[in-house]
Colleague: 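Take this structure first; my questions come after.
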Amino acid sequence: MTDKSQANEQRSSGTAVSQNAAPQLAIELAGINKHFGPVHANKDIDLKVTRGTVHGIVGENGAGKTTLMSILYGFYTAETGRIFVDGKEVTIKDSSHALELGIGMVHQHFMLVDNFTVLENVILGAEDDALLQPSLDKARKVLAQLARDYELEVDPDALIEDLSVGGQQRVEILKALYRGAEILILDEPTGVLTPSEADHLFKVLETLRKQGKTILLITHKLREIMAITDDVSVMRQGAMVKTLETKNTDPAELAELMVGRRVLLRVDKGPSNPGDVKLEVRDLVVKDDMDITRVKGINFEVRAGEIVGIAGVSGNGQSDMLEAITGMRKADSGQLIVKGKEVVIKGDDGAAKLRDMSVAHVPEDRQELGLVVTFEQWENAILGYQDDDKYGKGAFLSIPAAREEANRHIEKYDIRPANNRLKAANFSGGNQQKIVLAREMSRNPDVLVVGQPTRGVDIGAIEFIHNQIVAMRDAGKAVLLVSVELDEIRSLADRILVMFDGHIVGEADPATATEAELGLLMAGVSADNAPESDKREANNKESAK
Amino acid sequence: MELFDSLILLLDSTVRLTVPLLLACLAGLYSERAGIFDIGLEGKMLAGAFGAAVVAALTGSAWLGLFAGIGVSVAMALVHGVASITFRGNQIISGVAINFLAAGLTTLLGQTWFRQGGRTPQLNGDARFNGFDFPFADQLAEVPVVGSIYSELLSGHNVLVYAAFFAVPITYFVLFRTRFGLRLRASGENPKAVDTAGVNVNMMRFKAVLITGILCGIAGAYLSTGMSSGFVKDMTAGRGFIALAALIFAKWMPVPALYACLLFGFLSALGNFMQGAELPIIGEVPVQLVQALPYILTVVLLAGFIGKAVGPKAGGIPYVKER
């Protein structure tokens, strides 16, 4: 009873505000800072969110969007900075405090108990009494009401594990609304949804906005931003770059802001001299661990003596493609052909198999995939090649041989400090990257696959790494370079392929292509160039008509 | 009729042997449902048995003994809690440590204090939990079948026996019908969901561990002051582990836990009953074989007969909020 009237009151007040001439701020953040160890996840963030609007926050993976929202939701505490909710300064101690302030969050990974029913999940933490039954009865009524108001239909007695992903997401939204959330934060809500589920979600968000709720939508999908938001804020590398009105911007501008325009580093390189095809990918389809198709049938080839650059906003399937090409993940279908021979990956030894075929891999994430950071540099210098006869025969490792190899790497690749007994964790980012590069390049491979070679690397090291990659090309190696740094791709690659939503949507010549053209391709705007028609886009177009 | 009487005796013995298993099993149920594995049920029960016997011997009161047993067991449970919740230690190692600590300390202190080879003094009268008879038990004993069930099987146990069986519906109610139970179960399944709902996960887990301590203490007190009349070195004899097996067998549900414990209790009773008994064809049954039956059954059941026993998903994993 009280709850219903409260809800009505909130709704009417919400409408009143949205009709108000001077829009009020639902949320204001000022000077928010947060570190995770050495990572500065949020740098002096300012943000103003107008009540009754849908406010998008875009940025690449790792730009600090989720951290910022988690601070707002009280899951993390900011080191410095001030938070205002409805104009009042608050210190959000924990999630329950955020809920009291009317802030609800729909997490990217749902915070649901799989073997509980919908009702149980909805009331968890918001039970009225020591006994459950009254709360369950109340929640059943409220859910029925919410379902009518917002098209949020879910069977209240279903177990979470029996619901579709879209259904689970509706439960998350219901959870927040049941707690009286006026401000709703959605973290990458469409990442796991089918197109029709995503359409349904947008309809729900539209209704919520009409009822005066404020919505913060975190995403890296520009199409969603354009489709539903009123304002959009762009984050890059932990900093808030800009806040724009959605109607005054376009995907190309946003893409550019997201990826960032850096001082173009000049790399001295002559024209390429492509030879035989060394690496070929045919109709590659890759699914991730959650069984979502990330790479949707791509084709390309890399010849000896050329650098092929794969550009794109991160999260468009590049990582999954890299994993498939380097044998870390089994492709769902399609062919991988190395030096004319098809590679079939069956077990877990795919990465070793490709290494044996002289395909070297500098992984995207050096700390997770490239190094064992608690190992010393000399150990890392032979990792993956430790069974070579060079480093000892049979079961025994020849430590002197390995140390010698490590010292050669240190000298040739200028790894500092020049100490092979130092743990990898104690080297700087640039030197860690050089440890990996040295290991992979000094094998003199025929094919070099490089992911994000200069992420988190200082300027000096970037130049060195770039020159090494060009040197590999000039030595007649086939180089595949995947990077989200557009400048890096433009200055290194001899051919640019742009990936968007699991497809290669275009090819460009770095000498002639402008940043704007590439930005449009990366934003998936000129879908006409797409070799295969994307079902989802087709659906959207149809529904737009 | 002789066979029927034997059966009643066997079942009566089953009831008594089930009680410590059941209490320990329910103890483990609370802890593991909240996400804290507890392999130290055995140790807590043993320490509880010792504490109860010592205080009962010194004061002459079984009730004071019971409280002492609970106190000792709770103290050990809190050690496990601090190690595995606050300091995020390995829950198995912490549990093993508790078992060793209990086994060593009870023997050492028992010998130092009483000099009877680790035993505590014989308990008599009010220092033990004695059975009490239901109304008209004597009169009804003569009635065939129903009478002996009533007066032999149901009546005549001590208060802890009835408490143990009564704990089953209470546990069911607490876990599935109360706010506390909902949060406790959620803490064991997806603690992050609990945290984001604004509930303190570690506090929930501590409460669960506390209940585990209380129940283990009661189980221990029953062993030394109810079933026996004093503490004997290593008197739990693996019951804590059998209780864990029963817990898995019951898939972490209270009512199935009762059945599992009754089954294991029955096998123990059967083991005692068959000592020296002659069976047709087989001849005299080796005592050791019968006594090994519960353990053999545990292995066989756990190895395949009960299907996949999936415990609480977050079980054994300390909850860490910051990444």
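Heavy atoms only: backbone and side chains are in, while hydrogens, waters and symmetry mates are out. Below, chains carry the letters A, B, ... as their sequence lines are ordered, and counting in each starts from 1.
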Colleague: Do other residues, nucleotides or ligands put more than 12 heavy atoms under 6.0 Å from Glu368(A) CD?
Modeller: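 Count not over threshold, so no.
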Colleague: Within the structure provided, determine whether Lys192(B) and His109(A) are in side-chain contact (heavy-atom separation under 4.5 Å).
Modeller: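 No; the side chains remain at least 4.5 Å from each other.
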Colleague: Does atom CZ of Phe100(B) have more than 12 heavy-atom neighbours from other groups under 6.0 Å away?
Modeller: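 Check fails, neighbour count at 12 or below.
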Colleague: Identify which part of Phe176(B) has an atom lying under 4.5 Å from any heavy atom of chain A, answering side chain, backbone, both or neither.
Modeller: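 Interface part for Phe176(B): backbone (N, CA, C, O).
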Colleague: Which bit of Phe110(A) comes within less than 4.5 Å of chain B, counting heavy atoms only: side chain, backbone, both or neither?
Modeller: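 Backbone only.
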Colleague: Between Asp129(A), Leu136(A), Leu99(A), who has the most heavy-atom pairs with chain B when the cutoff is under 4.5 Å?
Modeller: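 Between Asp129(A), Leu136(A), Leu99(A), the count favours Asp129(A).
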Colleague: Distance check, rounded to the nearest 0.5 Å: Lys313(B) atom NZ versus Asn115(A) atom CG?
Modeller: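 Between Lys313(B) NZ and Asn115(A) CG, I get 4.5 Å after rounding to 0.5 Å.
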Colleague: Check whether Asn121(A) gets within reach of chain B through its side chain, its backbone, both or neither, counting any heavy atom under 4.5 Å.
Modeller: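 No part of it gets close to chain B.
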Colleague: Need one label for Leu112(A): side chain, backbone, both or neither, based on atoms under 4.5 Å from any heavy atom in chain B.
Modeller: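 Contact with chain B is through the backbone of Leu112(A) alone.
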Colleague: Just verifying a value: how many Å separate Phe173(B) CZ and Leu131(A) CG, rounded to the nearest 0.5 Å?
Modeller: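 Atom-to-atom, Phe173(B):CZ and Leu131(A):CG are 5.0 Å apart.
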Colleague: Using non-hydrogen atoms only, which part of His97(A) is less than 4.5 Å away from chain B: side chain, backbone, both, or neither?
Modeller: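 Answer is neither: His97(A) stays 4.5 Å or more from chain B.
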Colleague: So, taking the atom named CG in Asp114(A) and the one named CD in Glu189(B), what distance separates them when rounded to the nearest 0.5 Å?
Modeller: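 So the CG of Asp114(A) and the CD of Glu189(B) are separated by 8.0 Å.
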Colleague: Given side-chain contact (heavy atoms from CB on, under 4.5 Å), test Phe116(A) with Leu182(B) step by step and report yes or no.
Modeller: CA-CA 9 Å; Phe116(A) 280 20; Leu182(B) 185 76; 3.5 Å; yes
Colleague: Can you tell me how far the CZ atom of Arg183(B) sits from the CD atom of Glu127(A), to the nearest 0.5 Å?
Modeller: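 Answer rounded to 0.5 Å: 4.0 Å.
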Colleague: Check whether Asp195(B) gets within reach of chain A through its side chain, its backbone, both or neither, counting any heavy atom under 4.5 Å.
Modeller: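 Its backbone and side chain both get close to chain A.
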Colleague: Among His107(A), Met105(A), Glu172(A), which residue meets the side-chain contact (heavy atoms from CB on, under 4.5 Å) test with Thr196(B)?
Modeller: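 So the option named by the test is His107(A).
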